[in-house]
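In listed order, ligands and their atoms are each counted from 1.
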Amino acid sequence: MRPSLLDPLFAPVASIEGVGPKVAGMIARVVPADLGDRPARVGDLVFVLPHSVIDRRNRPGIAFAAAGSVVTLDLRIDRHQAPPRGNRSAPYRVFAHDDTGEIALTFFHAHGPWLERTMPVGEHVVVSGRMEWFNGRPSMVHPDHIARADAAESLPLVEPVYPLTSGLSAKVLRRAIGQALSRLPPLPEWLDEDTMRSQCFPSFAAALQALHGPAEPPDVSPEAAAWRRLAYDELLAGQVSLALVRSRAKRLSGRPLGGDGRVAAALVQALPYRLTGAQQRAVGEIRADLEKPERMLRLLQGDVGSGKTVVALLAMAQAIEAGGQAALMAPTEILARQHLSTLEPLAAAAGVRIAILTGREKGRERAATLAGLEDGSVDIVVGTHALFQETVRFRDLVLAVVDEQHRFGVHQRLAINAKGDAPDMLVMTATPIPRTLVLTAFGDMDVSRLTEKPAGRRPVRTVTLPLERLDELVGRVGEAMAGGQKVFWICPLVEESEEAGVMSAEDRHAALRRTFGESVGIVHGRMKGTEKDAAMRAFKEGGTRLLVATTVVVVGVDVPDATIMVIEHAERFGLAQLHQLRGRVGRGNQPSSCVLLYKEPLGDTARQRRAVMRETEDGFRIAEEDLKLRGEGELLGTRQSGTPGFQVARLEFHSDLLEIARRDARLLLSRDMDLASPRGEAIRLLLYLLGRTEAVRLHRGWHRPRPHRPRVTGRT
Ligand code: ADP
Ligand code: MG
C-alpha cells in the first residue's frame, strides 16, 4: 500500500488550479515519466526539468539596452495609446520612461482594459523582455513579464525554460510546476549522510527548488549538484528495484542443473559446423552457472550473425539432461518459427522433443502442445508472448531463454518467473549494449560475449547511392538475381498513404514485380501470420529471389544465401537498425553487399551515420557511435529521448553515480532486506515516487510461503 504521505503527489495534474483536461493532456506529453495509459500526476510535473534559463538580470536602462538583448527595465508609465477604432492590426502602445530615455511597450491584439489595469499611468512597473530598436527608437514587443514595483520580486530574474509541446504556453506550465512544488510533502531523507556529504547533495526538496527556481544559469545544468542529486535518487531507485527483483529470483532458486552432457554432445554431433571459440566459452560459462545452486541471470551479447541460437540450444540441452524443460522466447512469430526450423532437425537427431506455441497455434494442435508442456513430454518450447499466458503450464520449467531482450520489459521477465520454480534465465541480445547501460537496464546481470564470428564470413561491402540512381541499381540487382543471388529490399513504410514522397513496401513490391515478375515477394507487419510465413518460406527456398520487407519483420531472420541488402530511405534509419539490417547478409560463404539508398539532401546526422556504416562492421563501435548520435533511448529500442527508463538521470553526465548507486543499493539490502529500517522506509517512498512499484509489490510477495516442489536430479 502506498504511504498516504505521497497522496498529494499522486493526484492527477487536472487537480491543479488552472489546469483543465486539455492542458492536462498537453502536460502528459512533456512529463518525462513513461505514463502508459494513466494520466499525468502532480508528482510527474516536478520532474519536468528546465533545459536552460533566460537571464533577465541585465538592467542597463533604456538608452543602454542593446538591440536583441533580454533586459529588465524599471519604468514609470507615461501614457496609453490605443489603436484607432476599426484598425485591429495597429498595435496598442504604452509609453514609459526611466532615467535614461523613453520606450514604447507594444502589444498586438491587446485587451486595453487589462493593460490599463496592469500599467496605470504614473505607476512604477518592472518589465522584462527582448529589446528592439526601430528607426532609433527603443521598443519592447509583448514584454515577457510585467510587474508592479511592489511585486517585482515575483519576476523571475533567472527564468527556467522548460521543454514545451505545441499549445502549452510556458507560463501555464511554469505555474503548474510551481503549484506542484508547493504540494510536495515534507519527506524523510533516503540518502545516507556519507553520500550526501561526499557528493555535496542538497535534500530532495532543495534540489527541486534549485532547479525550478535557479539563482544562476549554471544551477539548471545536469552537472549541478541539484540535478545530480535527483539523478542519483533515480539511479539508486533503479538499482534497489533491480536488486530486489534479482535477490528474490535468486532466493527462490537453489536448484543446481547438472547434466551428463549426453544431449549436448548429440546436438554438437549433429551440427554442420564447429563451434567458434567464443561460442564454446559462452557455453562453458552458462553450464557453470546452471550447475550452481544459485539462479542464473545471464546476458548473452553477440553481434548479428555471431551464432547465439546454438549457444542457447546447448544451454537448453543441459536443462533437459537435468530432467527439466526449457523455453525459448522470440519477439516475433517469424523469429519463433525460424528458431523452430533451425532447432527441429538438431533436436530430432538428439532425441529432444520440441514444440512451438504462438498466438497462431489453435485447436487440437495447441491443446496437444499445452498437454505436452504440462505432462513433460515436450522438452523445449519455442514461442512468443503467448508463452506468458495463464493457460500455459509447465511440468518443470528450469530454463527460460529470451531472444532479442530489448523488446521485452521487466514485466515479461517477472511473468516468466511465475511459470516455473524461478527458472534460470538467459537473455540474448544482438545490441552490443555498453556496460553502463547493461547496469541500468538489467542490474547486476552476468554477461557473456560472443566476440568472434563464425569462420569464413566475408565482410559485407557497403555502398551508398542517391535515390535518383535507382534505375541503375535495379539493373544491377536484376543481373545478380539472374546469377542466382538473393536480395532483401527494405522499405520504411508499409502503405503509400502514410507519408507523401516515400515509396512504400507495397508500391516498391508492385514496381519491382513489373520488372522481375513472380520472383519478387513481400513481407510486412500488417500481413497475417500465415502470409508472412509463406513469404519467408518462398524466399528461403528460392521460389522468390527478391524480398521486399519492412524492418520489424526481418530483425533476426536468417537466410544464409541472401547476399544483397538494399535499404531504401536509409536516412530514416538509426545506426543500430542499419547495422541489424546489414547483418542479414554476409552469413554464407558468398561475397555480400549492402546498398544504402539515400534521399538527398542529407542532414548532418544522416551523413555521419552513413560514414560510420561505410567505415566499420564492428557492432560495438557502431553502438557507441549510435549512442553519441542518438542517445541511449534508441539503442535499447525505447521511445524516450533520455536514458531509457529514466526521467532525470542522463548517463552522459551521471554515469559516475551509477557505480556508487549500485554499491549503495547492495549495502542497503544486505543490511535491511525488508526495507524495514528508517532508511528502508524512506527508500520505499522513493520507489513509489519514481514509479518503481513492481519492486515494492514483489517485496510484499516475499512473505508468502512457497509451495514445496520435489527436486528432480536426473533424467527419468
Ligand atoms: P545471431 O547471433 O544473429 O542470432 P544465429 O544464431 O542466427 O545468429 O546464427 C547465424 C548463422 O550462423 C546461422 O545460419 C547459424 O547456423 C550459423 N552459425 C552459427 N554458429 C556457427 C559456427 N560456429 N560456424 C558456422 N556457422 C555458424
Ligand atoms: Mg538471432
What is the nearest protein non-hydrogen atom to [atom], stated with its residue, atom name and distance?
atom	value
atom 11 (C) of ligand 1	R457 NH2, 3.4 Å
atom 22 (C) of ligand 1	Y273 CD1, 3.1 Å
atom 13 (C) of ligand 1	D558 OD2, 3.1 Å

Considering only heavy atoms of [X], which atoms of ligand 1 have at least one such atom less than 4.0 Å away?
X	result
R274	22 (C), 23 (N), 24 (N)
T309	4 (O), 5 (P), 6 (O), 7 (O)
K308	1 (P), 2 (O), 3 (O), 4 (O), 6 (O), 8 (O)
T276	23 (N)
V304	3 (O)
G307	1 (P), 2 (O), 5 (P), 6 (O), 8 (O), 9 (O), 19 (C)
L275	23 (N)

* **Heavy-atom nearest neighbour of atom 20 (N) of ligand 1 within options E452, H339, Q279, M428** => Q279

Would [X] and [Y] pass as an ion pair if we require N to O under 4.0 Å?
X	Y	result
R476	E479	no
E571	K599	no
R287	E321	yes

Ignoring hydrogens and geometry beyond distance, is a side-chain donor-acceptor pair present between [X] and [Y] at under 3.5 Å?
X	Y	answer
T358	E361	yes
S448	E285	yes
R582	T462	yes
R281	T276	no

* Asked: Heavy-atom contact under 4.0 Å between G302 and ligand 1?
  -> no

* To do: Apply salt bridge (Lys or Arg N to Asp or Glu O under 4.0 Å) to the pair D533 and R360, showing each step before the final yes or no.
  => CA-CA 11 Å; D533 284 353; R360 199 179 335 144; 2.7 Å; yes

* Purely on distance, is any nitrogen or oxygen of R587 under 3.5 Å from one on ligand 1? -> yes

* Asked: Does an N or O from G305, backbone or side chain, lie closer than 3.5 Å to an N or O of ligand 1?
  -> yes

* Asked: Do R610 and Y598 meet the cation-pi criteria used here (NZ or CZ under 6.0 Å from the six-membered ring centre, within 45° of the axis)?
  ->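 Yes; both conditions hold, so R610 lies above the ring face of Y598.
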
